[in-house]
Amino acid sequence: MNRLHVVRASGLYLVLCLVSALMLLPFAWVVFGAFKTQGEFTANPGGWLPESFANLQNFVVLFTEEGFGGFLVNSIIVSAVTVLANVLFCSMAGYALAKLPFRGRSLLMGCVLVAMTVPYVALFVPQFLIIVQLGLVNTLAGIIAPMLVMPLGVFIMRQFALSIPDELLEAARIDGAGEFGIFFRIFLPLLGPAIATVSIFTFLASWNFFLWPLVVAQTEDVFTLPVGLAIASQQANTTAYGLLLAGAIVVLLPVLILFLFLQRYFIQGIATAGLK
Amino acid sequence: MALETSSAGVAAVSRPLRWASSRRLTPGPTGVAWLFVTPFLVIFAVFTAVPAVMAVTLTMTDIGVADLRDPLGVNFVFLDNFQAVLTAPAFLRSALNTVIYVGIGVPVTMAIGFLLALALDSGIRRARPVFRAVIYLPVIANVVAAAIVWQYAFTLNGPINSFLADRGIAGPNWLGTPTTAMIVVLLLTIWRTTGTCMVLFLAGLQAVPEEVHEAASLDGAGYWRRVFQMTLPLLRPTTLLVTVLMSVMFLNIFDEPFLLTEGGPLGSTKSVAQWVYEQFGFGNISNAMTGSIVLLLGVLIVCVVQLRVLRPKQ
């Protein structure tokens, strides 16, 4: 019986290790390829390891000639504004939806759920027409605007707010605290984990968003990293993989570093989204 | 840190005097509630509600890129656009491709995700977080970066084909042949979505009480019989959620084929979403919107059917 158990467990570990290796393989290729020279790719197109991990030539070219410095700055601006706006606005809306009784609350909750479920592809064309009317085509503001208050963020904040006891807020109200005071001084400080979850998920969404920035940004000075990288990959002759893979590292690295330290919140975001 | 500030927040409750004055300046709960939801409401109205209304109305017009400056100058053609789109061979091809993506991608991703969740839930304590993190990693990886690696890996003389060549197999021109191109697109998409399925199924599995498993194993039921007769029925709500989520995701597939193959060769991997994107790029705005409405209807129908079929039994 016990031996059977050991056999089964080692079989499981073997399968899981194999799957993990397959999942990690593309990342390994990114890392290996980013340090290869064009000559290495031509000489040995199927090879794996680069001659030297100290060859930073690809990164230098990326930032000095291909404009990735600008793309990186744009991406950072877009993500920073998106995260800050969402943390504030989503927690405000989530608080109202969970803790303040008012007429039209369930209707609003319906709006949140609808906005969460409408597929993005169905909306980007009319959204672009609106951006045209607002004069925001080819601006970072145009890229950011639709992401300012993400419905999933409102939903996560509301779910979390529901778990905060009413008595706490009621006590403050009886003590004569104003609604803003209650929100900023009592509610918001209790919201730590939800804020972390929403920050991570909105950062991920804005950092990785591709279709909308691709539509809105039309000149290089407005490109975000994914757009810049995609355009580079479509323009470059198909063999410039060293450069492209170095670009891939620039896009992947911030997310991977965050994931390494804050894994819990990444997965919590998915799980909470699953609760709806 | 959160704890520290929260205790400060609670301490502040016992200082009523300072807050009493601010009360008169702020509106009552209802006014504040509306104030708090205003940012969401504005963004929802401008970027969801109005676009939805526009999409439905403008599909019935002949709006083109020339009408952007003067949106009121369009003509109403009612359902002509639907007829035109639904009989366009390129659209039908992209619809067929999308059906193939959904038909193969959703069951395969869900099966792999479920089996991995099962493996992670079956008593291995050690290294579980590591496996979970590694399998989840592709979900958070940027799709543009991922597509570049896959493109590189599947080039004619790239790592995959030289791996095959070492074993005496002549690898195909993966991205240049319609069938294999679609397989590569599916592989990339499955790689990117399995982690989501796994995490959701794992959360579902961990919610199944331990006693249920014990009772079943005391009954002497074999492992797989227990999975099919106990675990899967108990997981019905999770399965429903994952099915809907994955179907919507695969129906809206755009990034992977667009980045890997640009929809080629000869439109053999082009999705409906990419068809919409291209029509939009050509300035055929009414066509683009009609295509996206057709896609939206497809999503709705699939969701409703799945909700009916997989609804938890009372």
Side-chain angles (χ1 to χ4, degrees), chain A residues 9 12 15-16 20 23-24 26 29-30 33 45-46 89 92-93 95-96 100 102 108 111 115 119 121-123 125-127 130 132 146 148-149 154 171-172 175-181 185-186 189-190 192 204 208 210-211 226 229-230 233 241 244 248 251-252 255 259 263 267 270-271 274, chain B residues 2 5-6 9 12-13 16 19-20 22-23 26 29-30 32-33 36-37 39-40 43-44 46-48 51 54-55 68 119 124 131 133-135 137-138 140-145 148-149 152-153 157-159 162 196 199-200 203 241 248 252 254-255 259 273 276 280 288-289 292 295-296 299:
Chain A
L12 268 179
V15 170
L16 286 170
S20 303
M23 291 295 185
L24 289 177
W29 278 326
V30 180
F89 295 149
M92 283 162 60
Y95 172 68
L100 299 173
F102 62 98
L108 266 173
C111 291
V121 178
L123 288 184
V125 178
Q127 280 184 347
I130 288 174
V132 171
L148 280 175
V149 196
V154 176
D175 277 352
E179 291 300 328
F180 287 109
R185 291 194 215 185
I186 297 179
L190 289 173
L204 208 56
N208 283 342
F210 176 58
L211 176 55
L229 189 58
S233 86
Y241 279 115
L244 294 176
V251 181
L252 290 172
V255 174
F259 183 66
Q263 201 212 116
I267 290 174
I270 292 281
Chain B
T5 35
S6 71
V13 181
W19 288 16
S22 72
R23 187 170 200 181
T26 57
T30 306
V32 169
F36 277 8
V37 295
F40 166 73
I43 297 295
F44 175 79
V46 176
F47 292 108
T48 302
M54 282 170 75
L68 282 185
I124 56 158
F131 285 126
V134 167
I135 295 166
L137 208 53
I140 57 159
N142 185 282
V143 64
V144 182
I148 285 173
V149 197
Y152 155 69
N157 301 314
S162 48
T196 307
V199 166
L200 291 172
L241 166 82
V248 173
N252 288 303
F254 170 81
D255 297 347
L259 289 162
V276 168
F280 167 72
M289 285 216 216
S292 60
L295 185 60
L296 180 64
V299 171

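In the text below, chain A, chain B and the rest are named by the order of the sequence lines, each starting its count at 1.
- Per-residue heavy-atom pair counts under 4.5 Å with chain A were compared for B:A133, B:A153, B:G158, and the maximum is reached by B:A133.
- Only the side chain of A:L12 comes within contact range of chain B, judged by heavy atoms closer than 4.5 Å.
- Between B:I43 and A:F89 the shortest side-chain heavy-atom distance does not fall below 4.5 Å.
- Heavy-atom pairs under 4.5 Å with chain B peak, among A:A93, A:P26, A:S20, at A:P26.
- Using a 4.5 Å cut-off between heavy atoms, B:L137 touches chain A through backbone and side chain atoms alike.
- Among A:V154, A:L123, A:L148, the residue making the largest number of heavy-atom pairs under 4.5 Å with chain B is A:L123.
- Atoms CG and CG, from B:N142 and A:L252 in turn, are 6.5 Å apart once rounded to the nearest 0.5 Å.
- Residues B:V143 and A:N208 have side chains not in contact (no heavy-atom distance under 4.5 Å, counting atoms from C-beta outward).
- Contact annotation for B:S162: only side-chain heavy atoms (C-beta onward) come within less than 4.5 Å of a heavy atom of chain A.
- Across B:A119 and A:L16, no two heavy atoms sit closer than the pair CB-CD2, 4.2 Å.
- With a 4.5 Å cut-off on non-hydrogen atoms, B:F44 touches chain A through its side chain but not through its backbone.
- Taking both residues in full, the closest heavy atoms of B:A55 and A:A122 are given as CB-O, 4.5 Å, listed atom of the first, atom of the second, then distance.
- Comparing A:A230, A:A248, A:A115, A:C111 by how many heavy-atom pairs each has under 4.5 Å with chain B, the most go to A:C111.
- Listed options B:D255, B:V276, B:V37, B:I148 were ranked by heavy-atom pairs under 4.5 angstrom with chain A; first place goes to B:I148.
- For B:P138 against A:M23, the heavy-atom pair with the smallest separation is CG-SD, 3.7 Å.
- Residues B:Y152 and A:L244 are not in side-chain contact: their nearest non-hydrogen atoms beyond the backbone lie 4.5 Å or more apart.
- B:I140 CD1 to A:F259 CZ: the interatomic distance, rounded to the nearest 0.5 Å, is 5.0 Å.
- In terms of heavy-atom pairs under 4.5 angstrom with chain B, the leader among A:V15, A:L229, A:L204 is A:L229.
- Counting only heavy atoms from C-beta outward, the side chains of A:S233 and B:V144 never approach each other to under 4.5 Å.
- Note on ring orientation: taking the six-membered ring where Trp is involved, the planes of A:F180 and B:F36 are perpendicular (angle over 60°, cut-offs 30° and 60°).
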